[in-house]
Every structure is written in C-alpha cells, then in structure tokens.
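Residue numbers count from 1 along this sequence.
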Amino acid sequence: MESMDKFLAGKNAVVTGGTRGIGFAIAKALAEAGAQVAICGRGHTTVENAVTQLANTSKSKVVGKVADVRSSTEVANFFQFVDGELGGLDILVNNAGIGVFKSTAELSVDDWTKTLETNLSGAFYCSKEALPRMRNRKGGYVIHISSLAGKNAFAGGQPITLRSLD
C-alpha cells in the first residue's frame, strides 16, 4: 500500500459521480493516498456535503462542482473548473452511472435515453475532455467503472443469451 500512496501523492484526479457510493469511496481512497481530487455530481447539496466529508478525512485538496455528465457543456465547464483548482489532470475515474432495473416492456424511452446519456455519452464526454489535458502532462490514466448488471440476472430482468450464428 505504501508504494500506491507514493504513486498517487501529488497526482490530480477527477471522479465523476463522486458524491456517494462507489464514487465517494474511490474519491476518499485517492485523497487519503495523497492525490488532489475533484468530484462532480448532479446536486449542489450532495456535492457540497461530499466535499466537506472528504476534506475532513484527508490532508489532500478536495474540490467539487455540480455537473451532469449527460451534458457536454456541463462536462466542459467542470473540466475548466478542475484546471483552475488543480492545475492539471492525471487520473479520470468515469464512475457516474445509473441503472433502471425494469424489463424491456416496462422501460420507458426516457429511461433508456437517460441511461445511455449517463453511462455511455457521459464517459465519452469526460474522456474527451480529459485526454488532451493528460497529453499536456505526458500521460495519465482513464478508469471506467461498470456494473455487473449486464452480466448477472436480476429479479424482473430479462436475461439475453448471445449465440453465434455459425
């Protein structure tokens, strides 16, 4: 663990969906290991509360801003905020995501759109903003957090088995 702390010390990290759950735990671990961390989430109060909690449990700088990863404009504004607050980017953790656990017959078009925009477009928008910043620093890491929901059956879900047509 000591070598990981040395590796992360002085690095700048972004964690999307960093206000709760896995994202919050990742942001906390990064900050405790010495990385400066920026988080985003969709609610002003949840971002403020998470930043306060994270700042109180680490010696690292922790900042946050409201940003919905479904919006390329909000993502661009968030990364400009990160530039101003942290001065560069070494690590992006694409964690923001939603799951709507309904059968296909019950799933609305709006549910489908929100899921794709958050889980797919959000990761694209954030990666697109992060990569030039990492290039400027001669490298970096992009980490995508995903769910096992697509692999593991759940109550009410309709498992799909893909088979070769050969």
Distance, nearest 0.5 Å, that separates [atom1] of [X] from [atom2] of [Y]:
| X | Y | atom1 | atom2 | answer |
| --- | --- | --- | --- | --- |
| N12 | Q36 | CG | CD | 5.0 Å |
| T16 | L92 | OG1 | CG | 6.5 Å |
| N49 | R20 | CG | CZ | 13.0 Å |
| L116 | L120 | CG | CG | 6.0 Å |
| S72 | Y125 | OG | OH | 5.0 Å |
| D68 | K114 | CG | NZ | 10.0 Å |

* Asked: In this structure, are over 12 heavy atoms from other groups packed under 6.0 Å from I22 atom CD1?
  -> no
* Asked: How about H44: does its NE2 atom have over 12 heavy atoms from other parts shown lying under 6.0 Å from it?
  -> no
Give the minimum heavy-atom separation between [X] and [Y], together with the two atoms involved.
| X | Y | answer |
| --- | --- | --- |
| I39 | A27 | CG2-CB, 3.8 Å |
| R42 | R70 | NH1-NH2, 3.9 Å |
| N119 | A96 | OD1-O, 4.3 Å |
| H144 | A123 | ND1-CB, 4.1 Å |
| A31 | S60 | O-OG, 2.8 Å |
| E106 | K102 | O-CD, 3.8 Å |

* Apply salt bridge (Lys or Arg N to Asp or Glu O under 4.0 Å) to K65 and E85, showing your working. => CA-CA 11 Å; K65 180 173 174 53; E85 291 291 325; over 6 Å; no
* Asked: Ion pair present between E32 and K59, side-chain N to carboxylate O less than 4.0 angstrom?
  -> no
Is [Y] reachable from [X] through a run of hydrophobic residues whose side-chain heavy atoms are each under 4.5 Å from the next?
| X | Y | value |
| --- | --- | --- |
| L86 | V15 | no |
| V93 | V47 | yes |
| V37 | Y141 | yes |
| V14 | F7 | no |
| V69 | V142 | yes |

* Do side-chain atoms of D111 reach the backbone of V100 as a donor and acceptor pair under 3.5 angstrom? -> no
* To do: Report yes or no: does S58 contribute a side-chain atom to a donor-acceptor pair with the main-chain N or O of A55 at less than 3.5 Å?
  => no
* Structure fact -> Contacts of T52 meeting side-chain contact (heavy atoms from CB on, under 4.5 Å) (sequence neighbours excluded), chain-then-number -> N56
Could you tell me whether the side chain of [Y] reaches within less than 4.5 Å of the side chain of [X], counting heavy atoms only?
| X | Y | answer |
| --- | --- | --- |
| N94 | F124 | no |
| K61 | V63 | yes |
| E48 | Q53 | no |

* To do: Dump the intermediate steps for side chain to side chain contact (heavy atoms under 4.5 Å, CB included) on I26 and I145, then the final yes or no.
  => CA-CA 10 Å; I26 291 168; I145 305 300; 3.9 Å; yes
* To do: With L89 as reference, evaluate E129, M134, K11 under the side-chain contact (heavy atoms from CB on, under 4.5 Å) test and give the passing residue.
  => M134
